[in-house]
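Side-chain atoms are counted along with the backbone in the values below, which use heavy atoms only and exclude waters and symmetry mates. In the text below, chain A, chain B and the rest are named by the order of the sequence lines, each starting its count at 1.
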Protein chains: 2
Amino acid sequence: MTKAQLDEVDLEILAALSARADLTNKALAQQLGLAESTCAHRVRSLRDRGIIRDTRVRLDAAALGYPLEAIIKVRLANHTGEKVNALFDALVATPQVLQVFHVAGVDDFLVHVAVRDAVALRDIVLEHITVHPVVRGTETQLVFELRDGRGVLG
Amino acid sequence: MTKAQLDEVDLEILAALSARADLTNKALAQQLGLAESTCAHRVRSLRDRGIIRDTRVRLDAAALGYPLEAIIKVRLANHTGEKVNALFDALVATPQVLQVFHVAGVDDFLVHVAVRDAVALRDIVLEHITVHPVVRGTETQLVFELRDGRGVLG
DNA sequence: TATGAAAGAGTGGGGCT
DNA sequence: AGCCCCACTCTTTCATA
């Protein structure tokens, strides 16, 4: 386990970048009252230590023609490790899949998808999920709205 | 509905930035065989049109001291619009909440949280969720692993 | 470790095709 | 639209404390 050694400045950097990932190093340095080089070193260190994992763009799925989002709950018939991992891989590799949660409890996977319409949703369930023999059943919930929370620094 | 008018080049830009959000404009232009200014204009247009919503950093919650993630399913007693929205707002504003799905179906909300330990998880459920009278019940599932899918362009 | 300054790299606007 | 050029800004390295 990475025992993160984070001081106040590191946390401020993380908070600032969480709010605006596209902040320039210069602006970030000014905002925190650091020299630009110092700030750059800090940020690089946070990346190197894996505390900042990566930077991602968020696309508007609806604008791209995939206005329907859903969570598909997947329950398995049995839970041998190998089969579970194989299914996990298959789910992640399925087109239109945004994220896959492998969970403990009533369900085994929660699959978040964005699709063109209800037909495409059905096709994913039938052709990419229930085709696997290890899948006992699925239950689909339409996503009305997805909002981000305050995050881990909140 | 934003009827997005996207040509081949736009899609290539989106694919490239989905893979590496921190690609410089210069590198992106070279990769696609465009002039740098042309490429910059394209990217700006995609942002202005909202197709690229924003850029975000992903933090390692575990490294920050929040190694336990869970999905809390929330079911409501009744569904008057006003109360539902108020609860949505409250959930999003709760510390340690990463995302909140408002869904249609068996559950009403799926709340994705990252916490320090089981005690903190219990505290969220008891102090931030079941305190709301409109909440009939919750069911918590531990997240073993969360993986990204191929996304909307997959 | 943090800093300032200078070299190097990247960005974005104007005029043109 | 797209492209080239150029002035500008930002990043990064390095010597120094």
Practice task
Classify the angle between the aromatic ring planes of A/Phe101 and B/His112 as parallel (below 30°), tilted (30 to 60°) or perpendicular (above 60°).
Solution key: perpendicular
Fill in the blank from the handout: Within residues 19-30 of chain A, those residues having any heavy atom closer than 4.0 Å to DNA chain D are A/Thr24, A/Asn25, A/Lys26
Exercise for the section: Could you tell me whether the side chain of A/Arg56 and the main chain of B/Arg56 form a donor-acceptor pair under 3.5 Å? Expected result: no
Completion exercise
Scanning both residues in full, the closest heavy-atom pair of B/Val100 with B/Val97 reads CG2-CG1, 3.6 Å
Problem - Salt bridge flag under 4.0 Å for residues B/Arg75 and B/Asp108 - result: no
Handout entry: Separation of atom CG in B/Leu34 from atom C1' in C/dG10, rounded to whole Å
Key = 17 Å
Handout entry: Boundaries of the DNA chain D segment in contact with chain B, non-hydrogen, under 4.0 Å
Key = D/dG2 to D/dC4
Completion exercise
A/Asp7 CG to C/dA2 P, in whole Å, measures 8 Å
Exercise for the section: For the pair A/Asp60 and B/Arg53, find out whether any cationic side-chain nitrogen is under 4.0 Å from an anionic carboxylate oxygen. Expected result: no
Practice task
Tell me which of B/Glu36 and B/Val9 sits closer to the 5' end of DNA chain D, going by the nucleotide each one is nearest to.
Solution key: B/Val9
Handout entry: From C/dT3, C/dG13, C/dT11, nucleotide with atom closest to B/Ser37 side chain
Key = C/dG13
Handout entry: Polar side-chain atom of A/Asp22 near backbone of B/Thr55 as donor-acceptor pair, under 3.5 Å
Key = no
Practice task
Under the salt bridge (charged side-chain N to carboxylate O under 4.0 Å, His left out) rule, what do B/Lys73 and A/Asp107 come out as? Steps first, then yes or no, please.
Solution key: CA-CA 11 Å; B/Lys73 302 174 181 174; A/Asp107 306 305; 2.7 Å; yes
Practice task
Could you state the atom-to-atom distance from CG of A/Asp48 to P of C/dT1 in whole Å?
Solution key: 14 Å
Exercise for the section: Classify the ring geometry between A/Phe144 and B/His102 as parallel (under 30°), tilted (30 to 60°) or perpendicular (over 60°). Expected result: perpendicular
Practice task
Respond yes when some side-chain nitrogen or oxygen of B/Arg44 is under 4.0 Å from OP1 or OP2 of C/dT11, and no when none is.
Solution key: no
